[in-house]
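Lettering follows sequence order; numbering is per chain, from 1.
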Amino acid sequence: MGVTGGLLKILPNAAAFRKVDLRSFKNGIQHSTTTKEPTPLRIGVDICVWMVSADRAFGSQLGDERHFSNHGRAELLNAGETEESERERLERDLNYVNCCTEYIIRRLNALREETNVEILVVFDGATPPGKQTEVTDRRNRQAVYEQQRDEPVDTTGSREAEERRIKALRKAGASRHYAGVYTAVMEALRKERIPFLVAPYESDGQLAFLSMKKYIDLIVTEDSDLICYGASPILFKLKDSPMLEGIFEGILVCKEDLAANQGSVNLLDFSPGMLTVLFVAVGSDYSPKLDGIGIVTACKIVRKAFLSGHEDRLAMVFEGLFAAARKLSLTEEDKKVYKKKFMEALLAYRHPVIFDPVEKRCRLHGITHDGEVSETEAELLTHVPYAELVNDVKRRERITGCIQPPSLSILIAEGYVCPRTRRTRKNMTIPRNVKADLIQLGIWKDFNNPNGAETENERHDSSNSSNQVSGIKRKSLRDPRLKPCDEDSSTDSGDFLYSQPFSTRPPTNG
DNA sequence: CGTGTGAATACAT
DNA sequence: TATTCACACG
């Protein structure tokens with residue numbers, strides 16, 4: 001996940017943020033000046049955070065409830081080895097998955113009903129190889145939590161130990177059942193006719209792509225990395241508590257907001273490439289940061305490097321950063337490593353692997369299938385080592401991941417194939433036409449019915465698959481509303497302000 | 001002045 | 001547990 005303080009790092013002046021209530025879009029938006037009829041606001045929801053949220057809400061179920069009360073703890077100690085039965089455990093796990101799923105569906109439906117928006121849910125896919133090291137660390141931490149969760153009840157009954165345990169429980173949460181929640185949510189989405197899409201890799205890049213192609217009008221996420229991808233507009237911090245008023249309020253961030261509010265940090269004249277460089281410089285998921293480089297310093301360095309007419313801007317950026325950094329023990333080797341990581345991060349943000357729902361295949365953002373790189377990247381490609389990285393398919397794939405053939409990509413996007421393992425998902429109803437595709441790809445595996453006979457259930461579902469599966473195929477991938485709305489969607493030339501769809505923007509409060 | 005730190009607070013569960 | 005504040009360092 002993104003740098004949480006990142007939003008504030010970039011935009012320290014919170015007052016300048018626009019608080020927006022999605023209900024004010026009930027009547028749709030004026031999509032372009034040529035279209036008269038307002039159309040529903042199309043939002044892409046980064047569902048990952050909602051899953052985490054569900055996890056937080058129900059994760060404690062995974063532990064024995066008795067651990068939470070003194071009475072229960074005593075009971076456990078007296079009973080000695082009161083291992084819950086297998087049956088009990090399964091029931092509890094199932095209940096957990098159901099709770100999480102219901103939680104998410106409830107929110108999405110509430111959102112849909114109250115705001116009349118069109119929702120496209122976007123799931124995270126595989127972790128890009130370039131980020132793998134981070135994730136490995138995260139997994140180690142996760143393992144520690146799980147270990148703490150599963151360790152026997154502290155016989156001393158010390159409060160600290162118990163609190164630690166509960167905390168660990170919360171954090172470990174669904175990890176073990178995450179796949180279960182994933183498939184359950186996807187099944188539920190099909191049932192509810194809510195379009196969704198599984199990104200080949202990170203949802204950030206996918207959402208940014210959808211946004212830039214104008215397949216969606218607004219991104220709903222918690223991840224400030226989206227800014228780094230050059231996406232706009234973005235709605236952060238959408239309240240997710242069903243009890244409170246203001247569930248549909250969030251903080252809207254458009255490109256203009258990056259410009260206006262702060263004296264020393266004015267990003268108005270920043271190209272998308274510069275913005276990415278800036279984000280990488282202040283620290284990202286993909287690369288470490290230099291000590292002493294904050295938003296202000298980085299901003300100055302990037303501006304100077306890009307706007308002072310120097311050919312090799314990236315080299316200038318590096319120079320500036322190294323000069324400004326508190327150079328305690330910055331050896332040549334350190335610099336070399338830093339530059340390498342920096343460029344890898346840059347590649348990851350500028351050219352993520354995405355699924356194009358109109359072309360119906362994966363590709364690198366900003367790079368055509370013929371390997372032609374977008375004009376917007378010219379200012380970065382003048383740095384030879386970076387250009388080499390971008391143009392070297394093998395090295396590139398080691399960062400961004402591979403581009404799967406369309407047949408497989410579609411099945412991944414539709415949720416039938418796990419993007420990480422590239423195998424059929426367990427516990428998922430597979431319609432007949434999808435099954436045929438899976439067989440053809442040689443990755444079909446019938447988890448529920450090993451002898452291969454068609455069940456009543458399956459028959460039922462395939463008969464209606466033209467509507468249902470294609471819940472995703474029809475509703476989101478083939479939905480005409482997902483076509484680019486303007487012919488100017490190809491004008492990628494640095495303009496990602498996206499002010500057009502928000503011509504009916506509600507009055508700002510605050 | 002900007003950055004990095006830890007402590008205090010408000011918040012939600 | 002996340003955000004905000006106050007302070008020290010360069």
Gap between atoms [atom1] and [atom2], on [X] and [N] respectively (whole Å):
| X | N | atom1 | atom2 | result |
| --- | --- | --- | --- | --- |
| A/Y103 | B/dA12 | OH | C1' | 11 Å |
| A/D291 | C/dG10 | CG | C1' | 11 Å |
| A/L290 | B/dT3 | CG | C1' | 13 Å |
| A/E222 | C/dA2 | CD | P | 12 Å |
| A/I301 | B/dG2 | CD1 | P | 13 Å |
| A/I295 | B/dG4 | CD1 | P | 12 Å |

| task | Say whether, by atom type as modelled, one donor and one acceptor occur between the side chain of A/Q206 and the main chain of A/P200 under 3.5 angstrom. | result | no

| field | Donor-acceptor pair, side chain of A/S211 and main chain of A/L207, under 3.5 angstrom | value | no

| message | Using OP1 and OP2 only, check whether a side-chain N or O of A/K289 sits under 4.0 Å from B/dT3. | response | no

| For A/V185 against A/I105, the heavy-atom pair lying closest together | O-CD1, 4.4 Å

| Worked verdict on A/T331 versus A/D334 for side-chain hydrogen bond (donor to acceptor under 3.5 Å, both in side chains) | CA-CA 5 Å; A/T331 67; A/D334 289 335; 3.2 Å; yes

